[in-house]
Number of protein chains: 2
Amino acid sequence: MARKNLAIGDLAKATSTKVETIRYYERISLLPAPERTAGNYRSYSAVHLGRLSFIRRARDLGFSIDQVRDLLGLSDQRDRPCEAVDAIAREHLTEVKRKIRDLQALRRELDSFLSQCSRGTVAECQIIEALSPSATLRGHPHSRD
Amino acid sequence: MARKNLAIGDLAKATSTKVETIRYYERISLLPAPERTAGNYRSYSAVHLGRLSFIRRARDLGFSIDQVRDLLGLSDQRDRPCEAVDAIAREHLTEVKRKIRDLQALRRELDSFLSQCSRGTVAECQIIEALSPSATLRGHPHSRD
DNA sequence: TATGCACCCTGTAGCAACTACAGGGTCAAG
DNA sequence: CTTGACCCTGTAGTTGCTACAGGGTGCATA
């Protein structure tokens, strides 16, 4: 009673995934290999659709492939306590928070560089100046060659 | 009057860069190839030290290798207007802001998942539920196999 | 002088997570 | 029966390094 099987292109469209990515997921055993048609085409069932949707969603949320693999494994063990799931999500959240902090620090630095730009020549450019090593400790390199 | 030339390991220490990374930068023509000693060791001058420090700082600020290449090229054209420098920094800032926004959205989602975790079994896990495709549109997969 | 040992050399392969071919085969429409 | 859209496998490219393997160099010490 397999209702409607999907070719790889259909699955790709249904999940906004590239065909190559689906084959890649199969190669790394993230998505199980589907049946094949007489012409050797992959033929996906609703189970695959569900599984790939799960993967995509988790990937969109920034979980690594390994984390997704763990989450998938856990999601199949429905009677186990969900502490492990919680732990993965929590670990990921910590990572995300760290990245946000780092990027915000970065933004402040870039903001400050840009606000100081006097639109003169490169020689006076505060951005280049800021990137240059210990600007006050040396003369301008190549200043008179 | 070359004051003090550095072996690759010294340069690595001075810039908190791995030796392999320095050789990699040379291979991709980001850092110019230095002189060699009689024994074929790389011998770096203060110019290299300055250039690598610039590269590291820019990389720490999240500029891509190509952006760093552009910034380096511009920093050598000291009499040109610094608009191009400004443009690179501005473009990068836009990217950084976008990443921050994305990550904050992500954090909100993860926060909400975690706050709903009832510490029951995987079957009731809100995190898994949230990742699962259109949860209301289907029964539990594998629910009775 | 021999012998460690730390350092250096080249070249290549690996990491994540895809993406993009090349060089074919399949299938339905016209 | 040909055209075109799709599919197949396999391999190489992407970014920015990092990690070997299998050697050579240079200096101190026994």
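Labels below follow one simple rule: chain letters A, B, ... track the order of the sequence lines, proteins then strands, and each chain is numbered from 1.
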Of A/Thr37 and A/Glu20, the one whose nearest nucleotide on DNA chain C sits closer to the 5' end is A/Glu20
So, do B/Tyr44 and B/Asp10 sit near enough that their side-chain heavy atoms are less than 4.5 Å apart? no
Figure out the CD1/P separation between A/Ile28 and C/dC15, and round it to whole Å. 12 Å
Using atom CG of B/Leu6 as one end and atom C1' of C/dC7 as the other, report the distance to the nearest whole Å. 15 Å
NA contact type, B/Ser64, heavy-atom cut-off 4.0 Å: base, sugar-phosphate, or nothing? sugar-phosphate
Under 4.0 Å from a heavy atom of chain A: give me the 5'-most and 3'-most nucleotides of DNA chain D that qualify. D/dC6 to D/dT9
Residue pair A/Ile128 / B/Phe54, side-chain heavy-atom distance below 4.5 Å: yes
Residue pair A/Ile22 / A/Val19, side-chain heavy-atom distance below 4.5 Å: no
Close side-chain approach of B/Ile88 to A/Ile127, heavy-atom, < 4.5 Å: no
Note: contacts of residues 7-14 of chain B with DNA chain C (heavy atom, under 4.0 Å) are B/Ala7, B/Ile8, B/Gly9
Is B/Arg23 touching bases, backbone alone, or none of the nucleic acid, heavy atoms closer than 4.0 Å? base
Would one find a side-chain N or O of A/Lys18 under 4.0 angstrom from OP1 or OP2 of C/dA17? no
Non-hydrogen side-chain atoms of A/Arg80 and A/Leu74 separated by less than 4.5 Å: no
Is the shortest side-chain N to carboxylate O distance from B/Asp111 to B/Arg108 below 4.0 Å? no
Round to the nearest Å and state the distance from B/Tyr24 atom OH to C/dT12 atom P. 17 Å
With a 4.5 Å cut-off on side-chain heavy atoms, are B/Lys13 and B/Leu6 touching? no
Ionic contact status for B/Glu95 with B/Arg98, cut-off 4.0 Å: yes
Comparing A/Arg36 with B/Ala38, nearest DNA chain D nucleotide closer to 5' gives the residue A/Arg36
Taking only Lys NZ, Arg NE, NH1 and NH2, and the carboxylate oxygens of Asp or Glu, determine whether B/Lys99 and A/Asp102 approach each other closer than 4.0 Å. no
